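These notes are about the structure you will find just below.
Only a predicted model underlies this, so the values are computations on that prediction, with no experimental measurement involved. Every chain is numbered from 1, with letters handed out A, B, ... down the list of sequences. Note that these values count all heavy atoms, side chains included, but never hydrogens, waters or copies made by symmetry.
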Protein chains: 2
Amino acid sequence: MREGPDIARIASLVGDPARANMLSALMGGTALTASELALEAGVSLPTASSHLSKLMEGGLLTLASQGRHRYYGLAGPQVAGMIEAITGVAEAVGPKRVRPGPRDAAMRVARVCYDHLAGEQAVAMLDRLVDRNILLRDDKEIRLGPSAASHFAAIGIDVYTKPRRPVCRACLDWSVRRSHLAGTLGAAILDKILAEKWARREKDSRAVVFTPPGRQAFEKVFLG
Amino acid sequence: MREGPDIARIASLVGDPARANMLSALMGGTALTASELALEAGVSLPTASSHLSKLMEGGLLTLASQGRHRYYGLAGPQVAGMIEAITGVAEAVGPKRVRPGPRDAAMRVARVCYDHLAGEQAVAMLDRLVDRNILLRDDKEIRLGPSAASHFAAIGIDVYTKPRRPVCRACLDWSVRRSHLAGTLGAAILDKILAEKWARREKDSRAVVFTPPGRQAFEKVFLG
DNA sequence: AGAATGCTTCGATGAGGATCAAACCATGCG
DNA sequence: CGCATGGTTTGATCCTCATCGAAGCATTCT
């Protein structure tokens, strides 16, 4: 008999289809209401509510009450990382789909990972930022380079304020299998991309689709 | 309703206590027989056998038949990574144990992670190898440095033969939260440590305990 | 061949948990 | 207020699946 952290408890929380769908939906990064999650999971409201209590009790979700709305979100980056790891195995092990549907293709290029950008574009961006010495990569510990503050300030992102979460973090990309940028800086960049309308979120998907001029602007700023 | 890789299927496989215990046991890296796994999981042999079929069908295990023995092992590094990710969340979310027992302390210093060394010692080792330019770290992609071949050849490890698995890989350490060395080189180094009797495996645990002279030898070779 | 060991399959049992309808709170609106 | 909307709780139903004893294969040892 083994001891230690109760991994079965956590895994079984993810192991129910309804809950798994809810968690996948929340990987989009935006917090959702119980009704929205019920819809995503394809179950009735009471059922969803029951599942949400369990996920809360298990510490996988956070809850923000606003008036009569209650917004559920992932508890943190660690939980998001776990979901990605499980997704990776499911992808590798699951039925090899002959044709990767069009939505999958878009997902590989750019998608939302919790609160930051993932996919080929995100990996390329981090590589380029490191090449230009704006960020310094040393193991998973990504740090700000000397010119980082001025560079990001120029595009309206403040890297000085120090919140609880680290500014930079590496996050292993699910499709590319290399790291992309997470942390508050990664989140701020995604915010910027959406605020500038360089890209829009695909409905009911994590995919992020750049507009032609948006892509140009993005490349100018981050890959230039 | 969501589509995509069936994450619930994978997670529910890990979500049963008996199966979770088996997988945890296999994180030790050595393949085990059905009877050994039944003992680990605290279930009868028929029950264990049933669980093992499910894990096989789910693609989480590999099977090597040798005579009348059937050795079950983890299907690969990706599966091991997933287990570590889940363990991390379970640890973070679970009941904060006031005192980390002595076994936990040993685990933090050095333990087996699938087929290579993990823990503080392993992280320190990788850092030092990178500092000395024996290995080159660039993102998760760790590569051999110019002097790697001769350096490892000197201690009887051949880094030339190219198997299917990559020679070097970074693996995020569960306790230290930084990367340590995985891949065939990581596995070879662990083999060396155990072959030279610098350390021994703690019984029924993933902990690795160095002997005083063994630690000295290890530090001389890898941290020197 | 016969016996012993290692493991899987079969069958029956039982418990946990997913589900939804209906009833029940809570907040916001007119 | 009273009604509507968003959410949770309760209760009853149903079904999956974990469990183990007994029997069945397979491989090795003598």
Measure from the side-chain heavy atoms of A:Val43 and tell me the nearest of C:dC20, C:dA18, D:dC20. C:dC20
Partner set under side-chain contact (heavy atoms from CB on, under 4.5 Å) for [X], not counting sequence neighbours:
X: A:Ser35; answer: A:Thr33
X: A:Ala8; answer: A:Asp6, B:Pro17, B:Ala20
X: A:Thr211; answer: A:Pro213
X: B:Lys54; answer: B:Leu13, B:Arg19, B:Ser50

What pairs of nitrogen or oxygen atoms, one from the protein and one from nucleotides 8-11 of chain D, lie under 3.5 Å apart?
residue	atom	partner	partner atom	Å
D:dT8	OP1	A:Arg70	NH1	3.2
D:dT8	OP1	A:Tyr72	OH	2.6
D:dT8	OP2	A:Ser49	OG	2.9
D:dT8	O5'	A:Ser49	OG	3.2

Can you pull out the residues from residues 11-19 of chain B that lie within a 4.0 Å heavy-atom distance of DNA chain D? B:Asp16, B:Ala18, B:Arg19
Does C:dA18 have OP1 or OP2 under 4.0 Å away from a side-chain N or O of A:Lys54? yes
State which residues pass ring-ring contact (aromatic ring centres under 6.0 Å, His included) with B:Phe218; sequence neighbours excluded, sorted by chain then number. B:Phe210, B:Phe222
The side-chain hydrogen bond (donor to acceptor under 3.5 Å, both in side chains) partners of A:Ser12 (sequence neighbours excluded) come to none
Check: B:Thr87 side chain, B:Ile83 main-chain N or O, donor-acceptor pair, under 3.5 Å: yes
Which pairs, with at least one residue in residues 207-218 of chain B and sequence neighbours excluded, count as a salt bridge (charged side-chain N to carboxylate O under 4.0 Å, His left out)? B:Arg215-B:Glu219
